Protein chains: 2
Amino acid sequence: MDPSSVLGKVMTILHAFSADDHGLSLAELQRRTGLPKGTLHRVAGDLVGAGLLDRRDGDFHLGSHLFELGMLASVERTLIEVATPFMEDLYERTHEVVHLGIREGTEVVYVAKVAGHKGARTPTRVGGRMPLHATALGKALLAHAPQDVWVTVLSGPLDRLTPRTLTAPGRLRSQLDQIVQQGVSYEYEESTMGVVCVAAPVLDADDRPVAALSIAGTVTRFRPEQHAASVRAAANGVAATLARRALLTEG
Amino acid sequence: MDPSSVLGKVMTILHAFSADDHGLSLAELQRRTGLPKGTLHRVAGDLVGAGLLDRRDGDFHLGSHLFELGMLASVERTLIEVATPFMEDLYERTHEVVHLGIREGTEVVYVAKVAGHKGARTPTRVGGRMPLHATALGKALLAHAPQDVWVTVLSGPLDRLTPRTLTAPGRLRSQLDQIVQQGVSYEYEESTMGVVCVAAPVLDADDRPVAALSIAGTVTRFRPEQHAASVRAAANGVAATLARRALLTEG
DNA sequence: GCCCATTGTTCCACTGGGTGGAACATCGCG
DNA sequence: CGCGATGTTCCACCCAGTGGAACAATGGGC
């Protein structure tokens with residue numbers, strides 16, 4: 001993003017915030033953005049006026065208004081609304097962590113997450129991202145993705161998140177072939193030690209993956225294979241509902 | 001927002017999108033914003049470059065990146081994370097619609113919503129707003145709000161959403177007093193015909209309301225009074241968890 | 001296929017919104 | 001009180017942003 005433009009500066013400031021932050025002082029914002037102090041002060045102040053940032057006790061926070069705008073994003077909004085009842089079914093069945101995700105490039109973006117008091121401690125977060133190859137959600141999305149996405153992922157570095165992460169392209173490739181056949185994907189501590197997972201894609205009428213659903217649990221207590229059918233059924237339910245909606249909205 | 005500035009134009013464009021839209025053409029964006037065509041084309045294009053808008057088949061959509069930024073908003077993020085397990089408890093108990101909301105001015109903003117296949121059809125949406133006085137969530141938040149908020153709400157127009165909406169300040173006021181005593185608020189078709197609700201505030205250490213939880217169901221099948229204790233318990237659980245977190249983050 | 005209205009894209013002389021270094025104010029700690 | 005760090009304000013200058021107009025593309029009706 002070009003910092004000589006206003007929008008570039010706006011995005012530079014918004015990107016300075018991470019999931020670990022609660023609020024940032026002007027001085028910290030300046031350290032992170034490198035914008036000149038006077039400019040930063042002014043643009044941040046304008047962002048507060050616009051509701052994209054809030055300022056409390058001198059610290060800046062991403063604003064509630066940004067949350068509201070974010071929840072208007074039509075893809076995510078529709079998916080959450082349609083998938084929630086199915087995710088609740090999966091949650092009630094297992095009391096484990098249920099995720100809904102979509103593919104963005106070579107990453108999975110978590111769109112929704114249902115968790116109870118006792119579920120596995122997963123490092124996932126709605127709005128957060130993880131590499132496709134290291135997660136069941138990601139692999140389910142990747143398996144049904146266009147060829148060029150396969151090529152990109154299989155030729156790029158397969159980053160290792162845990163000792164169990166698949167980093168050999170050949171092994172990943174044969175897993176993807178298997179996922180296409182089985183209709184579900186599994187993850188065995190590939191993204192997070194101690195966490196296993198089963199996922200199924202939500203496919204549209206042309207069998208392209210628009211999202212995926214998963215259940216994740218701790219390796220000591222959760223058997224992903226036992227839930228393959230219900231995850232697949234939930235994903236199919238979401239797909240059918242989306243299809244029905246698409247029919248309703250077409251003239 | 002001042003449309004002579006870049007940020008003003010950005011906000012004007014972002015605000016052109018509503019919950020009913022799936023995508024907007026450049027021509028529709030121009031009709032809604034009134035911005036000059038060339039300027040609109042350029043700024044919208046820049047927003048696409050920045051990830052705040054997506055463009056598909058010629059139509060503009062609020063972008064996935066906006067969703068991701070929105071989910072970084074620290075107040076909402078923390079509340080959702082902490083409240084989700086408690087909301088799941090309430091959902092499992094009732095299979096009705098469970099909401100988490102916060103107060104913004106004289107409105108409730110829905111921060112999270114849990115619904116199954118069979119819950120009441122409520123017109124609520126995460127990120128959406130409703131007047132405080134017409135919803136159980138809103139009344140719970142209002143009852144514990146600072147005096148000036150009471151004054152503002154009670155002196156402003158109490159918009160009627162249904163024939164049952166409370167529009168007499170005196171009646172609202174005595175309800176608020178009751179809510180403070182009882183610890184829960186009720187709604188009987190005041191925001192949506194056919195929908196009843198019970199809500200409880202999430203209070204901080206100084207008894208200020210930081211959020212509220214509710215269960216909404218259809219008037220024919222849901223008895224809000226029967227769930228007052230569990231909603232209150234869930235709200236108290238959220239409050240306790242938030243308090244524990246606040247302790248952890250303090251030096 | 002032609003015509004026309006609508007939609008979408010590009011251009012550039014001009015200008016005013018935006019700039020950021022510097023001065024000043026405030027705060028917190030030793 | 002002194003000092004360093006943080007936060008706020010100012011304004012001469014200038015270049016990022018502008019939008020009317022020209023041009024290109026699209027889609028529908030005849």
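Since this is a predicted model, take the numbers as computed values, not measurements. Any value given below was found using the heavy atoms of this structure, including those in side chains, with hydrogens, waters and symmetry copies removed. Chain identifiers are assigned alphabetically (A, B, ...) following the order of the sequence lines, protein sequences preceding nucleic acid strands; residue numbering begins at 1 within each chain.
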Between Leu24(A) (CG) and dT6(D) (C1'), how many Å, whole number? 15 Å
Can you tell me if Arg31(B) touches the phosphate of dT7(C), counting only side-chain N or O atoms and a distance under 4.0 Å to OP1 or OP2? yes
Between Pro123(B) and Thr192(B), what is the shortest heavy-atom contact and its length? CD-OG1, 3.4 Å
Start with the C-alpha gap between His99(B) and Leu213(B), add the side-chain angles, then the distance that decides, and say whether side chain to side chain contact (heavy atoms under 4.5 Å, CB included) holds. CA-CA 6 Å; His99(B) 289 106; Leu213(B) 282 173; over 6 Å; no
d(Asp54(A) CG, Phe60(A) CZ) to nearest 0.5 Å is 10.5 Å
How many whole angstroms separate atom CZ of Arg32(A) from atom P of dT6(D)? 14 Å
Partner set under ring pair (Phe, Tyr, Trp, His ring centres under 6.0 Å) for Phe17(B), not counting sequence neighbours: none
Phe86(A) meets the ring pair (Phe, Tyr, Trp, His ring centres under 6.0 Å) criterion, sequence neighbours left out, with His117(B)
Heavy-atom closest contact (His133(B) atom, Leu158(B) atom, distance): NE2-C, 3.5 Å
Smallest heavy-atom separation, Leu69(A) atom then Leu62(B) atom, equals O-CD1, 3.8 Å
Hey, what are the protein-to-nucleotides 25-29 of chain D N/O distances that come in under 3.5 Å?
none

Just jot down the ring pair (Phe, Tyr, Trp, His ring centres under 6.0 Å) partners of His144(B), sequence neighbours excluded, or say none. none
Steps toward side chain to side chain contact (heavy atoms under 4.5 Å, CB included) verdict (Val10(A), Val6(B)): CA-CA 10 Å; Val10(A) 166; Val6(B) 173; over 6 Å; no
Asp57(B) atom CG: more than 12 heavy-atom contacts under 6.0 Å: no
Computed from five pairs at either end and rounded to 10 degrees, the angle between the axes of the helix from dG1(C)-dC30(D) to dG30(C)-dC1(D) is 50°
Can you tell me how far C1' of dG19(D) sits from CG of Leu29(B), to the nearest Å? 17 Å
Calculate the interatomic distance between Leu40(A) atom CG and dA22(C) atom P; express it in whole Å. 18 Å
What does nucleotides 9-19 of chain C look like as a protein-contact string, B for base, S for sugar-phosphate only, - for none, at under 4.0 angstrom between heavy atoms? BB------SSB
Partner of Val238(B) under side chain to side chain contact (heavy atoms under 4.5 Å, CB included), picked from Val202(B), Leu203(B), Thr84(B), Val210(B), is Val202(B)
What's the CG-P distance between Asp57(B) and dT7(C), to the nearest Å? 17 Å
What integer distance in Å separates Gln30(B):CD from dG8(C):C1'? 11 Å
